[in-house]
Protein chains: 4
Amino acid sequence: MSEAAGKRSFSRRPRAERMEQIEAAARDVFSRNGFAAASISEIAAGAGVVEGTIYKYYENKRDLLLTVLQRWYESMIADYVDQLAGVAGLRNRLRFVIWRHLKSIKDNPDLCRLFYAEVRGSDDYYESTLYRLNREYTNVLMRILRDGMAAGELRPDLSIALVRDMIFGGIEHHVATFLARRGELDVERAAEQLTDMVMAGIVQPPPAPASLGLEAAVRRLERVAERLDPPARGEQQDTGPC
Amino acid sequence: MSEAAGKRSFSRRPRAERMEQIEAAARDVFSRNGFAAASISEIAAGAGVVEGTIYKYYENKRDLLLTVLQRWYESMIADYVDQLAGVAGLRNRLRFVIWRHLKSIKDNPDLCRLFYAEVRGSDDYYESTLYRLNREYTNVLMRILRDGMAAGELRPDLSIALVRDMIFGGIEHHVATFLARRGELDVERAAEQLTDMVMAGIVQPPPAPASLGLEAAVRRLERVAERLDPPARGEQQDTGPC
Amino acid sequence: MSEAAGKRSFSRRPRAERMEQIEAAARDVFSRNGFAAASISEIAAGAGVVEGTIYKYYENKRDLLLTVLQRWYESMIADYVDQLAGVAGLRNRLRFVIWRHLKSIKDNPDLCRLFYAEVRGSDDYYESTLYRLNREYTNVLMRILRDGMAAGELRPDLSIALVRDMIFGGIEHHVATFLARRGELDVERAAEQLTDMVMAGIVQPPPAPASLGLEAAVRRLERVAERLDPPARGEQQDTGPC
Amino acid sequence: MSEAAGKRSFSRRPRAERMEQIEAAARDVFSRNGFAAASISEIAAGAGVVEGTIYKYYENKRDLLLTVLQRWYESMIADYVDQLAGVAGLRNRLRFVIWRHLKSIKDNPDLCRLFYAEVRGSDDYYESTLYRLNREYTNVLMRILRDGMAAGELRPDLSIALVRDMIFGGIEHHVATFLARRGELDVERAAEQLTDMVMAGIVQPPPAPASLGLEAAVRRLERVAERLDPPARGEQQDTGPC
DNA sequence: TATGAATGAGCCTTCATTCAT
DNA sequence: GATGAATGAAGGCTCATTCAT
């Protein structure tokens, strides 16, 4: 029902307007109360229609919720690829994706909460348009990763999907307290740190022990060479005692 | 279990035993139907008591859910620290934490789903015992990270909390399809990959400093060789000493 | 009334009509069982609607009760003032008020019992419309009393409110056994006696001032007679002149 | 059960003590919450016993309420007649009864409210001990009234029962706002006014028109007598001109 | 005598959804 | 297309009372 957006184009305008009214009201009420506590009658009142009218446009309450979230995702995707095109370099692109995701959450915590709490994890999600949109959305990151891997910038043994999980999962976990209205969210800082961590990992790169052994070996060779031919040119090395 | 069909047939039991019966039944029913669709009467029937009895032990339906999940968390925490004590080395410990978390999810996907879908994200969560247990649980990882940082094994500029978010968030995102009964979960593989990714990041390390040193050393050796025997032949190899 | 047994058989009715149906059924059920023992489902069945319909018109069970009693009060007030306008003289008006109140109780003992037992004395009563109606109702008496006082017919030192309490309280106490189905109620007799008692009090009036004056006058006449004809006979009587 | 207060005298002490504890707790809880909202478990907790124990002493919750109110009535009756014996004169005695009743209400508004709201008007009341006590209590007034009537102090045509209704009903109506915690209660003032009103009624005793006519007639007769025999002795009268 | 675990019957209420107008 | 009255199922929860221990 909601998918069939406008069959007869000559009556499309009022229909689209009605739907916008309803969806705006629904977004408000759902955001404020959550799905279960939201009532169709309140949404109807907010949209200036009666309950029955809503069922002319949406199959049921849940369809309305999904539609509201769909609109959100559509708006998020709209200029995503375009904007990304202006960002060059693996790191920058990765950071952009992370930053943008954090920003979307910060800008619409209520919708985000709805999505996390009411939609994702439910059985019908994987058959929904919302799921397809979500895949489209996350695929942007996947492509960046694949490109980076093809370019040799990323380790070839990685599971791209797992990297995606780590990024979106990490973000989601990070914003949990913010979404629960129990903490702030510093988008810039989190984006920077997450990008950094994802890129470079967490371990302190130790002075590579392997090359130390090689170094030592080379030095011994050099000493040998020096005995044969004492240093006289420009390069300095620490030499052992005689 | 459902033999007690007689009228007013008591079966006075110690408090703990009754609670175990009820909680077992509740775990089943909640797991099967989710919170909303679970009915107290079904739980009561499963436990072999009447509905009223349940309210002697639990404030309300939600309290019962939280208690069931509490018991799960308690059991997860029970031997956690002990087991971890047997694991040495930052990487191993990190991998153990990740592996164990994945394993808990794989072993109890239903409870896990309940926790994600019904509890976390609700308003009362942050005041619940469950929240305290969850903090206790995640603190194990936090301590490992802090120790690793103190030992200089981890980069000192990290946000420990963000590392935790990335790990648990990454796991959660990764298991989503499994929890939705739409995919398998390879605990070992995921643990290994996640540990690796978290530790080392995703970028292809640029030719390590060691190899840089080797290059330099080789050049020096070439120069030595040139002194002994000016270049005349085509191929060069490192030869042993006399 | 209960013909509508078909599945999903609507019988769309104007709002007022539906409410009348429901209130009639409610009045019956409440009267028969009292508030607590009355069940919404029984009321709904009696009204030929389903339970949910009742909640379209009334907030809750109690609101329904209050509405039922409101209607009663409204009907009592409807022609009250008009009828009273046809009654002249303080005593007659007072008697009419008392008589009418007794009559209302006799005509609707069930509603009256409901009002006394379930509403008056509860916390929400003083905020209810019913309370306002009750004040309106009793104010009719108050005005009569005030008028009587202004006209000098009533003692000026009276507390009007206390007179009202004595009248309505007296009536209420008097009808208690009748309401408890343990006695009869003779409206005419009670109205007459109460009016009389309220008006004149209970004490035996000492020989009225008028008779005192008569006594004195007779004595004076005797003295006049003595002057004309000094006492010589035994018995004295008042004799005419000449 | 509660009526059989102490069969075996050797275990009476502890039994009586227990009952006192329970009744004290019950009085508190009933007073605070009313009958319906009072829970046996709260009463039990307040008395330091378990629910089951209460049923050893009282048949059921209502029996406990009636017992609590019985104790109150017993205490009210205890010294009633004695005190009244010290009051002489119909008016004084009547005022004492009214005053004492008002005072009892003021001292125990909660118990009074319970009695009015929960007991009186219920079906079992007329069979209860409480009813017998109440009759005993009101009979004190009835006797006063009968005595007053026999002594000629009260009008012989009164319905004693109706006078009682007017007094107790008037009091009850008057204290209603106080019991609803919405007004104060001035015992002395109310007692005085009510006594006065009951005794003397509300009408302004008019200068008896009948005796005025007689007076005038007598005066004419006196003027006749004066013409026959002009005034010369000590008694003064207001005489007309001429 | 005291305990206190267990009983068990019901009712109010909600609200998404339908469909006659 | 819009209306909005009516549906109707479903379930959490309470608490006085009982009775085995």
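Here the structure is a predicted model, which is why all the values come from computation and not from measurement. Order of the sequence lines sets the chain letters (A, B, ...), proteins ahead of strands, with each chain counted from 1. We use all heavy atoms of the structure for the numbers below, so side chains are in, but hydrogens, waters and symmetry mates are not.
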Point to revise | First encountered from the 5' end of DNA chain E, between C:K61 and A:K61 | key: C:K61
Presence of [X] side-chain N/O under 4.0 Å of [N] phosphate oxygens OP1/OP2:
X	N	answer
C:R18	F:dA6	yes
B:Y57	E:dA6	yes
A:T53	F:dA2	no
A:Y55	E:dT17	yes

Please state how far atom [atom1] in [X] lies from atom [atom2] in [N], giving the value in whole angstrom units.
X	N	atom1	atom2	result
D:I40	E:dG4	CD1	C1'	14 Å
B:L65	F:dG12	CG	C1'	15 Å
A:M19	F:dA2	CE	C1'	16 Å
D:I43	E:dG4	CD1	P	18 Å
D:I54	F:dC19	CD1	P	18 Å
A:L64	E:dC15	CG	P	16 Å
A:E59	E:dT17	CD	P	10 Å
C:N33	E:dG10	CG	C1'	15 Å

Kindly point out which of [options] is positioned nearest to the side chain of [X]?
X	options	result
A:R15	E:dC11, F:dG1, F:dT3	F:dG1
B:E51	F:dC13, E:dT17, F:dT7	F:dC13
C:K56	F:dT7, E:dT17, E:dT7	F:dT7

**Study point:** Output field: ring centroids B:Y116/A:Y116 closer than 6.0 Å
**Key:**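 Between A:Y116 and B:Y116, which both carry aromatic rings, the centre distance is not below 6.0 Å.
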Check your understanding: Is there a donor-acceptor pair under 3.5 Å between the side chain of A:N60 and the backbone N or O of A:D63?
Key ->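 Here the side-chain-to-backbone pair exists.
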Check your understanding: So, C:K61 side chain and C:S39 main chain: donor-acceptor pair closer than 3.5 Å or not?
Key ->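 Not at all, since once roles are kept as given, no pair shorter than 3.5 Å links the two residues.
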Exercise for review: Please figure out whether C:V50 or B:S39 has its closest DNA chain F nucleotide nearer the 5' end.
Suggested key: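 Its nearest nucleotide being more 5', the pick is C:V50.
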Practice item. Return the 5'-most residue of the pair B:S41, D:N60 with respect to DNA chain F, ranking by each residue's nearest nucleotide. Key: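 Looking at the nearest nucleotide for each, B:S41 comes out on the 5' side.
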Check your understanding: Rounded to the nearest 0.5 Å, how far apart are CG of A:N134 and CZ of A:F115?
Key ->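 Between A:N134 CG and A:F115 CZ, I get 4.5 Å after rounding to 0.5 Å.
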Practice item. For A:A38, report the nucleic acid contact type (base, sugar-phosphate, nothing); a contact means any heavy atom under 4.0 Å. Key: sugar-phosphate
Point to revise | Nearest non-hydrogen partners of C:V29 and C:A38, listed with the distance | key: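 Heavy-atom minimum between the residues: CG1-CB, 3.7 Å.
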Check your understanding: Whom does E:dC12 pair with, Watson-Crick or G-U wobble, provided both distances fall under 3.5 Å?
Key ->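 Answer to the pairing question: F:dG11, which forms a Watson-Crick or G-U pair with E:dC12.
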Review point. Which base, if any, makes a Watson-Crick or G-U wobble pair with F:dT18, both distances under 3.5 Å?
Key: E:dA5
Check your understanding: Can you name the residues that form a side-chain contact (heavy atoms from CB on, under 4.5 Å) with B:D28, not counting sequence neighbours?
Key -> B:R32
